[in-house]
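Before any comments, here is the structure.
A, B, ... follow the sequence lines: proteins, then strands. Residue 1 opens every chain.
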Protein chains: 2
Amino acid sequence: MSERVVPPAARQRRRPTKQGVVLSEELIVDTALRLIEEHGADALSVRRLGRALGADPSSLYRYFRHTDDLMLAIADELIGRTLRTWRPTGDWRADLRDLGLRMHAGALAHPRAAVLSSYRVTGRTYEIQAVETILGVLRGAGFPDAEAVRIYHAFIDQALAHGALDSASAAMPKDAREAEAAVWRATYARLPADTHPHIAATARRLVADMARSSYPAALDLLLGAAAGRLAEIRTRSGQPTATPDPSPEAVT
Amino acid sequence: MSERVVPPAARQRRRPTKQGVVLSEELIVDTALRLIEEHGADALSVRRLGRALGADPSSLYRYFRHTDDLMLAIADELIGRTLRTWRPTGDWRADLRDLGLRMHAGALAHPRAAVLSSYRVTGRTYEIQAVETILGVLRGAGFPDAEAVRIYHAFIDQALAHGALDSASAAMPKDAREAEAAVWRATYARLPADTHPHIAATARRLVADMARSSYPAALDLLLGAAAGRLAEIRTRSGQPTATPDPSPEAVT
DNA sequence: CACCTTACGACAACACTGTTGACCTGTTAA
DNA sequence: TTAACAGGTCAACAGTGTTGTCGTAAGGTG
């Protein structure tokens, strides 16, 4: 097989497709994202993507070794898009909160890509850029290196894990998703108080609350804990903790 | 089609398979779990499962409407197994910590099943039992209903999300997992300080820290925040926050 | 014990999936 | 002008979930 995929830099013979399209890694990724967005998560298959591009499915294997590779490229593009819409203000807590929410929203906009990429390390440019940026925010805020790394890890894992969780339900076929909602209403909301007193007592709240994502609350929790650590560190290191921390613990 | 699946209670004609196996919902679920565990996540397909059971694939559709149904049954069995090994002591914080860690461990023990079941609501017996139990612990500890529901939601989502995240990497084929680790060492640990100062400064810590799960830390964070809320609630409601919480809200 | 009903396992087919080896042709460098 | 070869195309393979149809053996009934 020698090597089927040629590194993008070396590409030059840009022969058009039978239908007149000139393929490129970029065009493929963009089309894949559009496909996911328009026709749902299950719409992304090599064959469908080929059809959408106006090319034979097997052409894609000249650009990506396998579907997984393509997914990583898509994931990195998503990271890039999120990063580009983010405007840091200098307030580390507000900035990280904003970034976390944007990452989560980005994941929800492309559920299938998010699910796949949550546990993968792409090692591509945008991912590296994101790591560098977040570490920069934390170290800039005054966290010592060990602490910065630990908080970075917690922050990114939380964003990815919740993003994947919420994406996964969003990526389910519509009828399955409706069936889930029906389970809450039909099963949980109707359990008798004598066998399931706690569920019965909280049924209304339960049904309402479970329909929402728990990410924003979890994010604020994490940032709150980090802020606490920072204050502690500042006090200990001589600086007499002056900043009164005006964070408005608002949970959407 | 009338109805292909017969409710388990009504089953009586237990005709054996050509290969002599007598099918049952239970046997199918157990075999599926074994299959997932032994041969990886992709090993679970209707056809493979049929082969492992010694039955025609289509027979399974007499027991489950579609694969999704089967996955829910598997997920519920997993919940049940976790719940059965858990012994509550009456100390809500310790109990929830223990349960969270057990759920996480259970997920890691069956990585492929955990990934698939993390985002689904089964509505089956064990899941209902788990919800009732956790709500009971929280309400027994003195959390008002609204708070109990909110904390329950955060707790369960966190356990599921981290369980799925950590399971997903554990479920990757071995060579892919090694490739990921290599990315950290080969890419991140070698970025020059002039273009990526923050990564370069923390590279060693970063590589070491990213190899571990962030769940235990995240769990303690959550429980700490909940404990803080509880103290606040008690003070406000007149009780001068002294009681060391002896409530034995043990739910079987 | 024989009969009838029907649950349920088996079979074959459908439309789909990712992936690969062989082939052929247009582009480009020499 | 020509030769090399990148890269698009084709056909095929092995797999997937799912369903309509059919035959048969198990069970209740008389």
So if I take every side-chain heavy atom of [X] and compare against [options], which nucleotide ends up nearest?
X     : options               : value
B:D56 : C:dC11, D:dG8, D:dG17 : C:dC11
B:L23 : D:dG17, C:dG9, C:dG18 : C:dG9
B:A55 : C:dG18, C:dA10, D:dG8 : C:dA10
A:R47 : D:dT18, D:dG8, C:dG18 : C:dG18
B:R48 : D:dT16, D:dG7, C:dA10 : D:dT16

From [atom1] of [X] over to [atom2] of [N], roughly how many Å is that when rounded to an integer?
X     : N      : atom1 : atom2 : result
B:D69 : D:dG17 : CG    : C1'   : 14 Å
B:F64 : D:dG17 : CZ    : C1'   : 16 Å
A:L35 : C:dT17 : CG    : P     : 11 Å
B:Y63 : C:dC8  : OH    : P     : 6 Å
A:L44 : C:dG18 : CG    : P     : 8 Å
A:R51 : D:dG8  : CZ    : P     : 19 Å
B:R62 : C:dC8  : CZ    : C1'   : 5 Å
A:L60 : D:dC10 : CG    : C1'   : 15 Å

* Does any donor-acceptor pair link the side chain of A:S58 with the base of D:dC10 at a separation under 3.5 Å? ->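 It does, because a donor-acceptor pair links the side chain of A:S58 to the base of D:dC10 below 3.5 Å.
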
* Would you say the side chain of B:S59 and the base of C:dA10 hold a donor-acceptor pair, judged only by whether the two atoms sit under 3.5 Å apart? ->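 Counting by modelled atom types and ignoring angles, no donor-acceptor contact under 3.5 Å is found here.
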
Please confirm whether the shortest side-chain N or O distance from [X] to OP1 or OP2 of [N] is below 4.0 Å.
X     : N      : value
A:T67 : C:dT19 : yes
A:Y61 : C:dG21 : no
A:K18 : D:dC10 : yes

* So, A:Y188 and B:E132: side-chain donor and acceptor under 3.5 Å apart, yes or no? ->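 Checked: A:Y188/B:E132 side chains show no N/O donor-acceptor pair below 3.5 Å.
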
* With no hydrogens and no angle check, do the side chains of B:H162 and B:D166 hold a donor and an acceptor under 3.5 Å apart? ->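 There is no such pair (donor and acceptor under 3.5 Å, judged by atom type) between the side chains of B:H162 and B:D166.
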
* Asked: Relative to the 5' end of DNA chain D, which residue comes earlier, B:P16 or A:P57, by the nucleotide with the nearest heavy atom?
  ->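 Final value for this comparison: A:P57.
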
* Criterion side chain to side chain contact (heavy atoms under 4.5 Å, CB included) against B:L70, the qualifying member of B:I74, B:L72, B:D68 ->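 Only one of B:I74, B:L72, B:D68 forms a side chain to side chain contact (heavy atoms under 4.5 Å, CB included) with B:L70, namely B:I74.
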
* Short question: side chain of B:T17, backbone of B:G20 - any donor-acceptor pair under 3.5 Å? ->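 Not at all, since once roles are kept as given, no pair shorter than 3.5 Å links the two residues.
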
* To do: May I ask you to say what B:T17 touches in the nucleic acid, namely base, sugar-phosphate or nothing, with a heavy-atom cut-off under 4.0 Å?
  =>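 Sugar-phosphate contact only - B:T17 comes under 4.0 Å of backbone atoms but never of a base.
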
* Asked: Looking at A:Y126, is A:R84 sitting on its ring face, NZ or CZ under 6.0 Å from the six-membered ring centre and within 45 degrees of the normal?
  ->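 Yes, cation above the ring, under 6.0 Å and within 45°.
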
